[in-house]
Asker: 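Okay, here's the structure, questions in a sec.
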Amino acid sequence: MKNENHQKADAIGDNHIGTSVETPLRSDAFVKTDDEKIEAISFHYQKIMEELGLDLTDDSLSGTPYRVAKMYVKELFSGLDPKNKPKISVFDNKYEYNKMLVESNITFNSSCEHHFLPIVGKAHIGYISSGKVIGLSKMNRIVQYFGRRPQVQERMTMQIFNELKTALQTDDVIVVVVVVEAEHLCVSTRGVNDKSSKTTTLEYDGQFSDTQIRNDFFKMI
């Protein structure tokens with residue numbers, strides 16, 4: 001008989017629900033060092049492979065548990081650790097440029113937190129300076145940072161949105177629009193096996209609440 005957690009997981013199914021804007025983390029999430037985490041994950045991943053019936057004495061598979069563990073900690077889920085958060089510098093808008101600035105097609109790779117399968121997509125960001133500007137590469141780094149963790153697309157959109165709002169030092173979110181388009185491999189490679197659908201999430205406020213300004217943004221991307 002299935003335990004309660006299994007029944008709950010089956011009930012949720014493929015619904016990409018989110019419970020909070022913040023990524024759910026335990027209070028002791030960063031007590032262990034990266035090397036200790038890699039060692040522990042490597043051990044457990046070996047057990048998973050053995051349960052699947054794979055022969056880890058084979059030269060091709062013997063190093064896989066370590067490679068996967070290192071990839072999880074150092075790459076795919078490195079955005080969980082605050083020490084990897086990019087340093088965001090903003091500058092005075094000395095040009096007094098007061099029109100919309102847009103950076104589109106920022107590619108990212110993330111992972112669905114329900115199946116740990118890839119989410120591959122693009123982010124489009126626009127803002128209107130209220131006195132501060134941010135380097136274009138920093139917007140890319142913000143997207144990558146929040147992408148490199150188990151995610152729900154709606155949460156990722158909000159996290160990028162809130163981070164930019166904070167970095168640009170404005171209280172009323174008049175400067176940020178985030179649209180994230182993503183291919184969920186947990187949809188295209190399993191379950192309904194849908195290869196053609198696309199999911200888009202959007203967050204905006206301030207001047208972008210004006211339909212004309214919002215439409216101008218959409219035209220630019």
Side-chain angles (χ1 to χ4, degrees), residues 18 20-25 29-30 34 73-111 113 118-183 198-221:
S20 170
V21 174
E22 301 300 324
T23 300
L25 287 169
F30 309 110
D34 284 357
V73 174
K74 297 293 189 180
E75 298 177 66
L76 293 187
F77 304 134
S78 61
L80 288 171
D81 196 331
K83 76 172 184 291
N84 297 320
K85 185 175 181 178
K87 294 181 179 179
I88 306 301
S89 300
V90 294
F91 309 94
D92 291 333
N93 184 9
K94 294 182 179 179
Y95 294 109
E96 297 184 358
Y97 180 77
N98 60 3
K99 300 297 190 295
M100 189 186 312
L101 185 147
V102 175
E103 185 175 7
S104 59
N105 295 315
I106 302 172
T107 59
F108 70 85
N109 292 280
S110 190
S111 300
E113 70 179 32
I119 303 173
V120 181
K122 297 178 180 179
H124 313 293
I125 296 171
Y127 73 90
I128 300 169
S129 176
S130 62
K132 299 292 182 181
V133 293
I134 188 171
L136 296 180
S137 66
K138 299 301 183 183
M139 289 195 282
N140 290 65
R141 293 182 187 278
I142 290 171
V143 171
Q144 300 303 330
Y145 173 69
F146 287 109
R148 289 174 182 161
R149 57 179 68 183
Q151 273 293 12
V152 174
Q153 185 178 337
E154 295 89 338
R155 179 195 296 135
M156 181 177 172
T157 305
M158 288 295 299
Q159 287 176 337
I160 296 169
F161 174 77
N162 290 337
E163 183 65 24
L164 285 168
K165 182 179 69 172
T166 299
L168 289 163
Q169 302 173 25
T170 180
D171 294 330
D172 57 1
V173 203
I174 68 171
V175 296
V176 181
V177 171
V178 180
V179 180
V180 180
E181 299 174 340
E183 178 185 350
K198 181 172 66 176
T199 306
T200 301
T201 47
L202 168 69
E203 183 62 34
Y204 60 86
D205 205 342
Q207 294 189 47
F208 289 98
S209 297
D210 183 288
T211 302
Q212 183 57 56
I213 294 176
R214 200 162 63 249
N215 286 341
D216 288 343
F217 170 77
F218 292 140
K219 290 176 184 177
M220 293 179 72
I221 65 172

Asker: Would you sort out whether Gln159 and Thr23 count as a side-chain hydrogen bond (donor to acceptor under 3.5 Å, both in side chains), showing the intermediate values?
Answerer: CA-CA 9 Å; Gln159 287 176 337; Thr23 300; 3.1 Å; yes

Asker: Closer than 3.5 angstrom, by distance alone: can the side chain of His124 be matched with the main-chain N or O of Asn105 as a donor-acceptor pair?
Answerer: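 Indeed, once roles are kept as given, a pair shorter than 3.5 Å links the two residues.
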
Asker: Minimum heavy-atom separation for Met100 to Asp216, with atom names?
Answerer: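 It is CE-CB, 4.0 Å.
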
Asker: So do Ile125 and Val143 actually touch side chain to side chain, heavy atoms under 4.5 Å?
Answerer: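 Of all side-chain heavy-atom pairs linking Ile125 with Val143, at least one is under 4.5 Å.
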
Asker: With sequence neighbours left out, write down each residue that passes side chain to side chain donor-acceptor pair (under 3.5 Å) with Lys83, or none if nothing qualifies.
Answerer: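 Residues passing side chain to side chain donor-acceptor pair (under 3.5 Å) with Lys83: Asp34, Asp81.
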
Asker: Could you tell me the separation between the CZ atom of Arg149 and the CG atom of Asn84, rounded to the nearest 0.5 Å?
Answerer: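 Result: 10.0 Å between the selected atoms.
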
Asker: Mind checking side chain to side chain contact (heavy atoms under 4.5 Å, CB included) for Asn140 and listing every partner two or more places apart, or none if nothing turns up?
Answerer: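 Listed in chain order: Glu103, Ile106.
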
Asker: Is any side-chain heavy atom of Val21 closer than 4.5 Å to one of Asn162?
Answerer: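 They are in contact (side-chain heavy atoms under 4.5 Å apart), so the answer is yes.
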
Asker: If you define the side chain from C-beta out and look only at heavy atoms, does anything of Ile142 sit under 4.5 Å from Ile134?
Answerer: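 Contact flag for Ile142/Ile134 side chains = yes.
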
Asker: Are any non-hydrogen side-chain atoms of Ile119 and Phe108 less than 4.5 angstrom apart?
Answerer: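 They are in contact (side-chain heavy atoms under 4.5 Å apart), so the answer is yes.
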
Asker: Walk me through it: do Arg155 and Glu22 pass the test salt bridge (Lys or Arg N to Asp or Glu O under 4.0 Å)?
Answerer: CA-CA 7 Å; Arg155 179 195 296 135; Glu22 301 300 324; over 6 Å; no

Asker: Between the side chains of Gln153 and Thr201, does any donor sit under 3.5 Å from an acceptor?
Answerer: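 Indeed, the side chains of Gln153 and Thr201 share at least one donor-acceptor pair under 3.5 Å.
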
Asker: Indicate the atoms forming the closest heavy-atom contact of Gln144 with Asn109, along with that distance.
Answerer: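 Result for this residue pair: OE1-N, 4.4 Å.
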
Asker: Hey, are the side chains of Leu101 and Met139 touching, using non-hydrogen atoms and a 4.5 Å cut-off?
Answerer: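 Yes. Closest side-chain heavy atoms under 4.5 Å.
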
Asker: What distance separates Thr200 OG1 from Lys122 NZ, expressed to the nearest 0.5 Å?
Answerer: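 Reported to 0.5 Å precision, the distance equals 12.0 Å.
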
Asker: Roughly how far, to the nearest 0.5 Å, is CG of Asp210 from OH of Tyr204?
Answerer: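 Going from OH on Tyr204 over to CG on Asp210, the span is 10.5 Å.
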
Asker: Are Pro82 and Phe30 packed together at the side-chain level, in the sense that at least one heavy-atom pair is separated by less than 4.5 angstrom?
Answerer: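 A side-chain contact exists here, since the closest heavy-atom pair is under 4.5 Å.
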
Asker: Leu76: which residues meet the side chain to side chain contact (heavy atoms under 4.5 Å, CB included) condition with it, sequence neighbours left out?
Answerer: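 Expected list: Met71, Tyr72.
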
Asker: Quick check against the 3.5 Å criterion: does Gln151 have a side-chain atom that pairs as donor or acceptor with the backbone of Phe146?
Answerer: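 Pair found, side chain donor or acceptor close to backbone of Phe146.
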
Asker: According to side chain to side chain contact (heavy atoms under 4.5 Å, CB included), who are the partners of Ser137, at least two apart in sequence or on a separate chain?
Answerer: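 Expected list: none.
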
Asker: Atom CZ of Phe217 and atom CD1 of Ile128: how far apart are they, to the nearest 0.5 Å?
Answerer: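 Here the interatomic distance stands at 10.5 Å.
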
Asker: Taking all non-hydrogen atoms of both residues into account, name the closest pair between Ser110 and Gly147 and its distance.
Answerer: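 Closest approach of Ser110 to Gly147: OG-O, 2.6 Å.
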
Asker: Holding to side chain to side chain contact (heavy atoms under 4.5 Å, CB included), I want the full list of residues that pass it with Ser111, two or more places apart in sequence or in another chain.
Answerer: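 Partners of Ser111 under the side chain to side chain contact (heavy atoms under 4.5 Å, CB included) test: Phe77.
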
Asker: Quick one: does any side-chain atom of Ser104 pair with a main-chain N or O of Ile221 as donor and acceptor, under 3.5 Å?
Answerer: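 Side chain of Ser104 to backbone of Ile221: no pair is present.
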
Asker: Which atom pairs, one a donor and one an acceptor, fall under 3.5 Å between side chains of residues 85-93 and the rest of the protein, sequence neighbours left out?
Answerer:
unit_1: Lys85; atom_1: NZ; unit_2: Glu163; atom_2: OE1; d: 3.2
unit_1: Lys85; atom_1: NZ; unit_2: Glu163; atom_2: OE2; d: 3.3
unit_1: Asp92; atom_1: OD1; unit_2: Lys132; atom_2: NZ; d: 2.5
unit_1: Asn93; atom_1: OD1; unit_2: Glu96; atom_2: N; d: 3.3
unit_1: Asn93; atom_1: OD1; unit_2: Tyr97; atom_2: N; d: 3.2
unit_1: Asn93; atom_1: ND2; unit_2: Tyr97; atom_2: O; d: 2.8
unit_1: Asn93; atom_1: ND2; unit_2: Ser129; atom_2: OG; d: 3.2

